[in-house]
Amino acid sequence: MSFTIKKIDHVQLAGPKGCEEAAREFFGEILGLTEVEKPEELKKRGGVWFEFSTFQIHIGVEEPFAPAKKAHPAFVVENIEDLKARLQEKQVDFTSDDNLPGASRIHIHDPFGNRMEFLEWV
């Protein structure tokens, strides 16, 4: 092949119309991601973008909205026990999962019901 896929630029999750403030609280305040200014032409579609390291998460408005139940992004974290404590402090439910050998991982749902995985390789 003459092409190479180099990296993931962003992951898009969907939310219902009017989801921006809840997304800011969850992804910005609880998870500590930095909000990114959307390009002017895309602002009229609604939604909000966040970044961490060299990656972005885009929360896009989808109508009618249905959360992803099985499909999900998975994020590698450092100090997953601290993340668990933060989620408990903010009353965000998570499910621990020890089915992946060598990983400590949890699953959570964003405010819109989208599934997300966080794992730390041990």
Side-chain angles (χ1 to χ4, degrees):
M1 288 189 284
S2 61
F3 67 89
T4 303
I5 297 174
K6 296 171 68 174
K7 69 174 190 168
I8 292 177
D9 179 77
H10 69 275
V11 171
Q12 176 145 339
L13 297 174
K17 185 176 182 177
C19 68
E20 294 82 3
E21 287 309 310
R24 285 182 178 103
E25 180 178 340
F26 184 77
F27 291 94
E29 296 298 320
I30 294 174
L31 296 181
L33 304 183
T34 303
E35 186 172 346
V36 176
E37 184 83 16
K38 289 180 67 170
E40 199 61 43
E41 186 60 25
L42 299 178
K43 286 181 181 178
K44 60 187 169 191
R45 297 181 185 177
V48 61
W49 293 2
F50 300 92
E51 70 180 0
F52 62 98
S53 184
T54 60
F55 305 98
Q56 292 188 355
I57 298 177
H58 296 178
I59 310 303
V61 173
E62 185 174 77
E63 292 292 332
F65 170 71
K69 297 293 184 185
K70 178 77 173 168
H72 64 276
F75 303 97
V76 175
V77 299
E78 186 174 310
N79 300 321
I80 197 164
E81 294 303 319
D82 288 349
L83 172 60
K84 290 177 184 179
R86 174 74 174 168
L87 294 172
Q88 288 174 330
E89 171 189 325
K90 295 296 184 176
Q91 300 177 340
V92 175
D93 292 331
F94 62 86
T95 303
S96 295
D97 180 348
D98 61 359
N99 293 317
L100 181 61
S104 174
R105 69 181 182 162
I106 61 172
H107 292 94
I108 67 172
H109 291 88
D110 71 11
F112 322 115
N114 295 305
R115 183 175 182 229
M116 298 168 53
E117 177 179 334
F118 295 84
L119 68 151
E120 181 173 35
W121 294 101
V122 293

Quick check: are there more than 12 heavy atoms from other residues, nucleotides or ligands sitting under 6.0 Å from [atom1] of [X]?
{"X": "Gln91", "atom1": "CD", "result": "no"}
{"X": "Lys43", "atom1": "NZ", "result": "yes"}
{"X": "Glu63", "atom1": "CD", "result": "yes"}

Should [X] and [Y] count as side-chain neighbours, where that means a heavy-atom distance under 4.5 Å?
{"X": "Leu87", "Y": "Phe118", "answer": "no"}
{"X": "Glu117", "Y": "Phe75", "answer": "no"}
{"X": "Val48", "Y": "Arg24", "answer": "yes"}

State the [atom1]-[atom2] distance between [X] and [Y], to the nearest 0.5 angstrom.
{"X": "Glu120", "Y": "Arg105", "atom1": "CD", "atom2": "CZ", "value": "14.0 Å"}
{"X": "Ile108", "Y": "Arg115", "atom1": "CD1", "atom2": "CZ", "value": "11.5 Å"}
{"X": "Thr34", "Y": "Phe52", "atom1": "OG1", "atom2": "CZ", "value": "11.0 Å"}
{"X": "Glu35", "Y": "Glu29", "atom1": "CD", "atom2": "CD", "value": "10.5 Å"}

Nearest heavy-atom neighbours spanning [X] and [Y]:
{"X": "Gly102", "Y": "Trp121", "answer": "O-CE3, 3.3 Å"}
{"X": "Phe50", "Y": "Gly28", "answer": "CE2-N, 3.9 Å"}
{"X": "Phe112", "Y": "Pro16", "answer": "CD2-CD, 3.6 Å"}
{"X": "Leu13", "Y": "Pro73", "answer": "CD2-CD, 3.9 Å"}
{"X": "Ala22", "Y": "Pro111", "answer": "O-CG, 3.9 Å"}
{"X": "Gln56", "Y": "Val36", "answer": "NE2-CG1, 3.9 Å"}

Does [Y] offer a backbone N or O that forms a donor-acceptor pair with the side chain of [X] under 3.5 Å?
{"X": "Asn79", "Y": "Glu81", "answer": "no"}
{"X": "Lys38", "Y": "Gly46", "answer": "yes"}
{"X": "Asn114", "Y": "Ala68", "answer": "yes"}

In terms of ring plane angle, is the pair His72 and His107 parallel, tilted or perpendicular, where the classes change at 30° and 60°? perpendicular

Using the rule that Ile, Leu, Val, Met, Phe, Trp and Tyr join whenever any side-chain heavy atoms are under 4.5 Å apart, tell me whether [X] and [Y] fall into a single cluster.
{"X": "Val61", "Y": "Phe26", "result": "no"}
{"X": "Leu31", "Y": "Trp49", "result": "no"}
{"X": "Ile57", "Y": "Leu42", "result": "no"}
{"X": "Phe65", "Y": "Phe27", "result": "yes"}

For a quick check under 3.5 Å, do His10 and Gln12 share a side-chain donor-acceptor pair by atom type? no

Which one of Asp93, Leu119, Val77, Leu83 satisfies the side chain to side chain contact (heavy atoms under 4.5 Å, CB included) criterion with Ile106? Leu83

When you look at His109 and Phe94, which way does the side-chain contact (heavy atoms from CB on, under 4.5 Å) test go after all the steps? CA-CA 8 Å; His109 291 88; Phe94 62 86; over 6 Å; no

